[in-house]
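Worksheet: one structure, shown below.
Residue numbers start at 1 and run along the sequence shown.
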Amino acid sequence: MAHILNIENVSVTLGARPILGEVSLSLHDGSRIGVVGPNGGGKSTLLKVLTGALAPDSGRVTIANGSRIAVLSQTDEFDPELTVREVVHPGVETYTWATDPVIRSIHNGLIPDVSMSRKVGELSGGQRRRVALAAVLCVDANVLVLDEPTNHLDVEGITFLADHLSQRFAGGEGALVVVTHDRWFLDAVCERIWEVVPGNDGAGGRNPQPGYVQTYDGGYAAYILQRAERARIEQQRQEKRANLLRKELAWLRRGAPARTSKPRFRIDAANELIANEPAPRDSLELAKTASARLGKKVIDLEDAAFSWAEYRAREEANAKQVDAEEADGQPAKREISGAVSGELPMQDRPVLHNVTLRLAPGERLGVLGANGAGKSTLLGLLNGNLQPTSGTVTRGKTVVLATLSQETRELDEVDELRVVEAVNAVASRVMVGKKELTASQLVEMLGFTRERAWTRVAELSGGERRRLQLLRLIIGEPNVLLLDEPTNDLDTDTLAAVEDLLDSWAGTLVIVSHDRYLLERATDHQVAVIGGTVRDLPGGVEEYLRLAAEADGSRSGDSAGLAGGREPSEKVAAGARENSELENVKDSAKERLAHKAMARAERKIARLHEKRDSLGLQQADAAQKGDYERLAVLGKEAADIESDIEEQEAQWLAAAEEAERWG
């Protein structure tokens, strides 16, 4: 395993704030590293040190000769006048890359909808991001450093990227370092996790501590298991530490006269314990806020359709009518259907058609679909920002609706406010459970330190703006939440807290996301926007991927099928329905088997615990009698039982995953 890159005792300070301290890491051939950590904790700083973009204040970075590093940053600086071809393949003749099957697969997987002759300045933000990723993947490099590569990718794109990277580094040559909050992607691609643990301001801000990096073997699931075990061990250590701390403080407080006569080293020991006591861990837990009551009807779409061409025609007719009324001197009110501003998309075909969707109180719905399929349009119809060109949309009288958009532009109007003030503008106090909390307490619950809580909104990072946006939304006490790509810019800890909140949130929830982990974790069932219609997905994300692949295949065979007088799209749909029904039967049987395996493992674990407790009593008796030979035998038996318990727990976890998969 050849060495590629090494950082040794690296420290970085930005201004007066230490970001990283004494960090030592290495990359070898075959390394596939996932980097996680809270927003603003130092992940991007670590990547800059790795790639040489930032020189450390101390320590050393060494790179093996001949190493070729390609970097995807969170922003691009492309010349808007360059074409996509010039960005992805600069200075390379077309015949060179067009004959390479790997390059063609990158094009098909990431930018199938982008013409190579288009100028970069004409692309949307999502298209630019995918072009930037394709450009990095096409570079002949043995080290890839990717900062949030799954942003703006749909489920198919994320699946392609995971497969491509796994195949690219399967031979044990080269290395991958990726920062991402996509937990499914971390499990699918990475074999090791680097967690960037942020520093803290120290006691009273007088002794700031730098961040550091902890390493874990395996993907995201293994990282969570190991992290939980480390937390358990740390909790035991902290309990011992707290006992010692209380003892020292009690000693120090035995009256002023006595304190002055005590040995100085005892006072120094207590002061050191107090000074090094870390700041309370950000709980990142939002309790359920009060929800307005929902009636039986929430939102119903009946045979709804939407076409931008018809929408423009209706708006133009409305504008002409208003102009005519104004010309006649009549008071006119200009009514626009929906909160749409700016230039409308120039699409002539319907985006959605024949859509019937009924949201029930407390429903948890996930929405899947390729980029441009119409998911945001569907949300626009649900929240009233768009009106259907045909069909109807009805909303219950008690509906209090809130939408989390992909952008954070709604925060622009509070850019000059502090974080606490921005929350206070929505609600100064809110009941959380049975406690009334102030705005400052609320922002602290969502992970803002005291320093960041009084930072101007305009100075927040993307992840912090996203957290603030979500917090302002929820404390408004809606009973219907529409979330459009809510995982953008959120770290894994915040995502877990959001999921925990949504679990207990007593309202109707619709999530549009390409994050498979979130959809399977936070929603009860999913639908897909495919071919302008909304289809139910009994099989979840896997069924969506299969239907999408079938749709691609049917499109490629449409011309041949129609020439023979057949209707392939209807056959595909009928076949999909039949397969879905068969799979549902198989899935339920597999789920039952998994639950039986879980119950079996639970019974065995209970028996092993009883046996272990009995051995504990025997060990105590042998120790009291001084029978050390017997004690050694019992110790070996106890170790074997612990091993059996771990094995059964592993079997239980595997069965639980199967039950969740087929449930």
Side-chain angles (χ1 to χ4, degrees), residues 1 3-14 17-28 30-63 69 71-74 143-149 175-183 185-187 189-202 208-231 233-234 237 276 278-279 281-282 284 447 449 461 463 491-496:
M1 184 180 293
H3 168 77
I4 296 178
L5 185 148
N6 187 68
I7 63 176
E8 183 179 358
N9 297 325
V10 161
S11 297
V12 177
T13 300
L14 299 179
R17 182 187 177 196
I19 305 299
L20 297 173
E22 301 296 319
V23 174
S24 295
L25 299 165
S26 61
L27 284 179
H28 303 274
S31 296
R32 285 187 279 174
I33 309 295
V35 183
V36 301
N39 299 116
K43 300 188 299 295
S44 295
T45 300
L46 177 62
L47 293 195
K48 290 177 181 178
V49 171
L50 285 172
T51 59
L54 177 66
D57 297 307
S58 63
R60 183 173 59 178
V61 181
T62 57
I63 302 176
I69 302 177
V71 181
L72 175 72
S73 61
Q74 291 196 34
V143 179
L144 289 184
V145 179
L146 310 178
D147 197 352
E148 296 291 357
L176 169 70
V177 180
V178 55
V179 171
T180 181
H181 299 140
D182 191 309
R183 293 156 292 180
F185 185 85
L186 286 170
D187 256 342
V189 175
C190 300
E191 296 180 341
R192 195 167 178 80
I193 298 293
W194 291 350
E195 181 187 16
V196 180
V197 182
N200 60 74
D201 296 333
Q209 301 296 312
Y212 56 94
V213 178
Q214 287 189 322
T215 61
Y216 299 83
D217 292 325
Y220 180 77
Y223 152 68
I224 289 297
L225 289 172
Q226 295 173 72
R227 184 178 171 188
E229 177 61 17
R230 289 189 185 185
I233 295 172
E234 177 64 16
R237 191 183 72 83
N276 291 336
R281 182 181 179 88
D282 290 336
L284 291 177
T449 63
S461 67
D491 57 67
T492 53
D493 279 352
T494 304
L495 286 173

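- Here the straight-line distance linking atom CD of E195 with atom OH of Y212 works out to 7.5 Å at 0.5 Å rounding.
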Show every donor-acceptor pair shorter than 3.5 Å between a side-chain atom in residues 42-54 and any protein atom, with sequence neighbours excluded, or say none if there are none.
residue: K43; atom: NZ; partner: G37; partner atom: O; Å: 3.0
residue: K43; atom: NZ; partner: P38; partner atom: O; Å: 3.1
residue: S44; atom: OG; partner: D147; partner atom: OD2; Å: 3.2
residue: T51; atom: OG1; partner: L47; partner atom: O; Å: 3.0
residue: T51; atom: OG1; partner: K48; partner atom: O; Å: 3.4

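- With a 4.5 Å cut-off on side-chain heavy atoms, R192 and T215 count as touching.
- D217 CG to L225 CG: the interatomic distance, rounded to the nearest 0.5 Å, is 12.5 Å.
- Remark: H28 NE2 to H3 NE2 distance equals 7.0 Å, nearest 0.5 Å.
- Although no hydrogens or angles enter the test, the distance criterion places no donor-acceptor pair under 3.5 Å between the side chain of N9 and the main chain of G59.
- Between the CD1 atom of I33 and the CG atom of L186 there is a distance of 11.5 Å, given to the nearest 0.5 Å.
- The heavy-atom pair separating G21 from S11 by the smallest distance is CA-OG, 3.6 Å.
- Under the 4.5 Å side-chain criterion, counting only non-hydrogen atoms from C-beta, W194 is not in contact with V36.
- R32 CZ to C190 SG: the interatomic distance, rounded to the nearest 0.5 Å, is 8.0 Å.
- Here the shortest heavy-atom pairing between N6 and S26 reads OD1-CB, 3.4 Å.
- In this structure the side chain of I69 reaches within 4.5 angstrom of the side chain of I63, judged on heavy atoms.
- Two residues are said to be in side-chain contact when any heavy atoms from C-beta on lie closer than 4.5 Å; V35 and V196 meet this criterion.
- Expressed to the nearest 0.5 Å, how far OG of S58 lies from CD of E22 amounts to 6.0 Å.
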